[in-house]
Q: 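My questions all concern the structure below.
Letters go in sequence order (proteins before strands), and every chain restarts at 1. Only this structure's heavy atoms are used, side chains among them; waters, hydrogens and symmetry mates stay out. Quantities reported herein were computed from a predicted structural model and do not represent experimental measurements.
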Amino acid sequence: MEHLELFFKSIFIDNMVFATFLGMCSYLAVSKKVSTAVGLGAAVIFVLAVTVPLNWLLDQYILKEGALVWLDPAYGVDGANTMDLSFLSFIMFIATIATMVQLVEIVVEKFSPSLYNSLGIFLPLIAVNCAILGGSLFMQSREIPTLGLSLTYGVGSGIGWFLAILAIAAIREKIRYSSVPPALRGLGITFIITGLMAIGFMSFGGMLTGGDEAKKETPKVATQPENKTDKKEAIIKVIADNTNTNNQ
Amino acid sequence: MGLLSKKDAALLKDPLADNNPITIQVLGICSALAITAELEASIVMSVSVLFVLGLGNVVISLMRNIIPSKIRIIVQLIVVATLVIIVDLVLKAFAYELSKTLSVFVGLIITNCIIMGRFEAFALGNGPWRAFLDGIGNSVGYGVILIIVGFFRELLGAGTLLGHPVLGNPIPGELSGLYAYGYENNGFMLLSPMALIVVGIIIWIQRSRNTSLIEEN
């Protein structure tokens with residue numbers, strides 16, 4: 001149940017593209033055709049599914065405060081159980097990701113040339129895709145408790161990103177036949193459509209309000225966190241409050 | 001511009017308008033949009049990117065002849081990551097609240113495409129001084145867009161700038177300024193989708209003014 005909740009949450013509510021704008025560069029650059037978008041999206045799912053659990057292990061057993069407690073005292077590291085290496089997490093995460101991407105590329109090339117042909121050209125792009133590093137950093141800052149959940153989170157976020165790029169690529173293929181104002185063509189209209197899609201995705205915010213997880217969350221915008229559980233409701237409330245106060 | 005030759009000056013000026021990293025090169029959008037709900041966060045983000053890109057470009061440019069091209073991406077990532085850790089620690093030390101607001105987006109400067117893009121496209125092929133100018137020019141071009149978006153979102157969304165109320169007092173009973181005439185804040189501007197739409201409008205305005213930038217559908 002926990003897994004299912006996190007899975008849907010990371011796909012719809014915390015969608016990488018629409019809620020946090022991660023991976024926007026490749027999202028905009030590679031979304032002109034559905035076929036290439038599918039390739040990149042699949043590669044992102046794959047790499048996220050590998051790197052998020054890996055970085056979870058790294059965070060849990062090396063970087064976190066007190067994570068080095070497993071280190072045998074015989075090695076003579078003073079205060080291993082209180083050591084906090086989390087300032088190193090950026091460099092460790094990005095090194096893991098760059099290495100993994102390289103490794104995945106080699107393995108895929110060796111064992112599945114057909115998959116390599118469809119994914120291969122996107123893999124180097126992915127090392128610098130913010131969605132990948134963002135996945136690991138959010139995993140760290142949201143304190144995902146177990147390895148299994150971190151895998152779920154990685155796969156879920158990847159699928160969310162995949163859905164987003166697939167949708168925008170399909171829309172852009174169609175929009176080629178419409179008469180967009182000249183100055184908005186290409187990039188401009190893509191931005192605005194993404195904005196509208198993001199507004200649509202906000203409506204998923206109410207999806208998990210009955211769950212236990214939602215109760216733990218404190219909404220960012222709400223003024224009274226105790227009775228408002230999800231972001232969207234909180235925002236509506238804030239807007240309503242503003243309206244009320246101004247009408248008085 | 002006595003100090004700079006014409007070519008060098010162009011390096012600084014081009015990214016501000018006709019070769020803007022965000023609206024034309026489409027780089028660095030990832031972290032640009034999420035933190036622009038407040039003007040202050042946008043300014044801090046711009047300064048961080050200025051520091052990382054300016055210095056990173058110089059470092060990469062100095063090392064350009066000794067980096068084997070096969071592992072250059074990893075070398076670049078390590079250079080950026082080191083600079084970003086410095087920024088992150090400085091922010092945590094001197095502006096803790098703000099570093100909480102920026103949360104993971106400081107870390108995401110590492111994968112900000114604008115940085116890797118400039119390293120690849122410029123620093124690997126040019127001397128340190130020119131690379132430095134290019135870094136400054138591009139990060140200022142990036143910062144300008146961030147600050148414009150942050151300005152409008154905070155002004156229209158919360159009626160404040162840098163946290164100071166500028167449109168009057170919205171508290172009921174003591175309404176003043178614009179609020180006294182029935183003006184209301186548009187809370188929607190604070191939500192993330194509006195960042196995209198504001199950037200879309202900036203692109204629209206820019207391309208209407210300079211029609212040579214218009215692209216095919």
Side-chain angles (χ1 to χ4, degrees), chain A residues 18-29 87-91 93-95 98-99 102 124 127-134 137-138 140-141 175-176 178 180-192 194-199 201-202 221 235 238-239 242-246 248, chain B residues 23-24 26-34 73-74 77-78 80-82 84-85 88-89 103-104 107-108 110-114 116-117 170-173 175 179 182-185 187-188 190-201 203-209 211 213-217:
Chain A
F18 297 131
T20 48
F21 303 118
L22 296 178
M24 282 299 283
C25 302
S26 27
Y27 169 85
L28 292 169
F87 68 94
L88 281 177
S89 44
F90 295 158
I91 212 163
F93 285 177
I94 198 71
T99 325
Q102 206 89 61
V128 288
N129 188 332
C130 353
I132 310 293
L133 181 64
L137 289 176
F138 272 124
Q140 189 191 30
S141 72
I175 218 165
R176 214 168 293 151
S178 338
V180 177
L184 262 182
R185 270 179 203 154
L187 193 58
I189 195 74
T190 313
F191 264 102
I192 291 180
T194 311
L196 296 177
M197 282 160 75
I199 294 172
F201 262 69
M202 275 168 53
V221 202
I235 287 158
V238 169
I239 293 172
N242 287 345
T243 323
N244 290 340
T245 50
N246 286 321
Q248 275 162 8
Chain B
T23 60
I24 311 296
V26 206
L27 295 175
I29 296 156
C30 328
S31 51
L33 298 169
I73 303 261
I74 294 190
L77 284 174
I78 299 296
V80 192
T82 316
V84 169
I85 289 177
D88 188 44
L89 291 179
S103 70
V104 301
L108 287 172
I110 299 174
T111 46
N112 196 328
C113 336
I114 192 178
M116 299 300 285
I171 298 166
L175 293 174
Y179 297 102
Y183 173 81
E184 282 173 25
N185 284 329
F188 209 60
L190 294 177
L191 302 182
S192 46
M194 287 314 286
L196 285 161
I197 293 176
V198 172
V199 175
I201 292 171
I203 293 174
W204 191 359
I205 294 171
Q206 190 186 19
R207 292 185 185 187
S208 315
R209 291 167 57 97
T211 44
L213 298 173
I214 291 174
E215 49 184 314
E216 284 298 303
N217 224 346

Q: Identify the two heavy atoms, one from A:R185 and one from B:R207, that lie closest to each other, and give their separation to 0.1 Å.
A: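 The pair with the smallest heavy-atom distance is O-NH1, 3.9 Å.
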
Q: I want to check something: taking the side chain as every heavy atom from C-beta on, are A:M202 and B:L191 in contact at a cut-off of under 4.5 Å?
A: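 Contact flag for A:M202/B:L191 side chains = yes.
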
Q: Could you check B:I203 against A:L184 for side chain to side chain contact (heavy atoms under 4.5 Å, CB included), going step by step and ending with a plain yes or no?
A: CA-CA 7 Å; B:I203 293 174; A:L184 262 182; 5.8 Å; no

Q: Is the shortest heavy-atom distance from the side chain of B:I197 to the side chain of A:F191 under 4.5 Å?
A: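 No, side chains not in contact.
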
Q: Identify, with sequence neighbours excluded, every residue that meets ring pair (Phe, Tyr, Trp, His ring centres under 6.0 Å) alongside A:F201.
A: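 Only A:F18, A:F204 meet the ring pair (Phe, Tyr, Trp, His ring centres under 6.0 Å) criterion with A:F201.
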
Q: Kindly indicate whether the side chain of B:F188, heavy atoms from C-beta on, has any atom under 4.5 Å from the side chain of A:I199.
A: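 Contact flag for B:F188/A:I199 side chains = yes.
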
Q: Identify the two heavy atoms, one from B:P193 and one from A:G195, that lie closest to each other, and give their separation to 0.1 Å.
A: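 Closest approach of B:P193 to A:G195, heavy atoms only: CB-O, 3.4 Å.
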
Q: For A:S141, which atoms come within 4.5 Å of any heavy atom of chain B: side chain, backbone, both, or neither?
A: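 Contact with chain B: side chain only.
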
Q: Does some side-chain heavy atom of A:I91 sit less than 4.5 Å from a side-chain heavy atom of B:I85?
A: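 They are in contact (side-chain heavy atoms under 4.5 Å apart), so the answer is yes.
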
Q: Considering only heavy atoms from C-beta outward, does the side chain of B:L196 approach that of A:I192 to under 4.5 Å?
A: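 Side chain of B:L196 against side chain of A:I192, heavy atoms only: no contact under 4.5 Å found.
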
Q: How many angstroms lie between CG in A:L137 and CD1 in B:I110, if you round to the nearest 0.5 Å?
A: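 Nearest 0.5 Å value for the CG-CD1 distance: 7.0 Å.
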
Q: Picking from B:V84, B:D88, B:I114, which has the most non-hydrogen pairs under 4.5 angstrom with chain A?
A: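 Of the candidates given, the most pairs with chain A belong to B:D88.
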
Q: Is it the backbone or the side chain of B:I78 that comes under 4.5 Å from a heavy atom of chain A, or both, or neither?
A: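 Its backbone and side chain both get close to chain A.
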
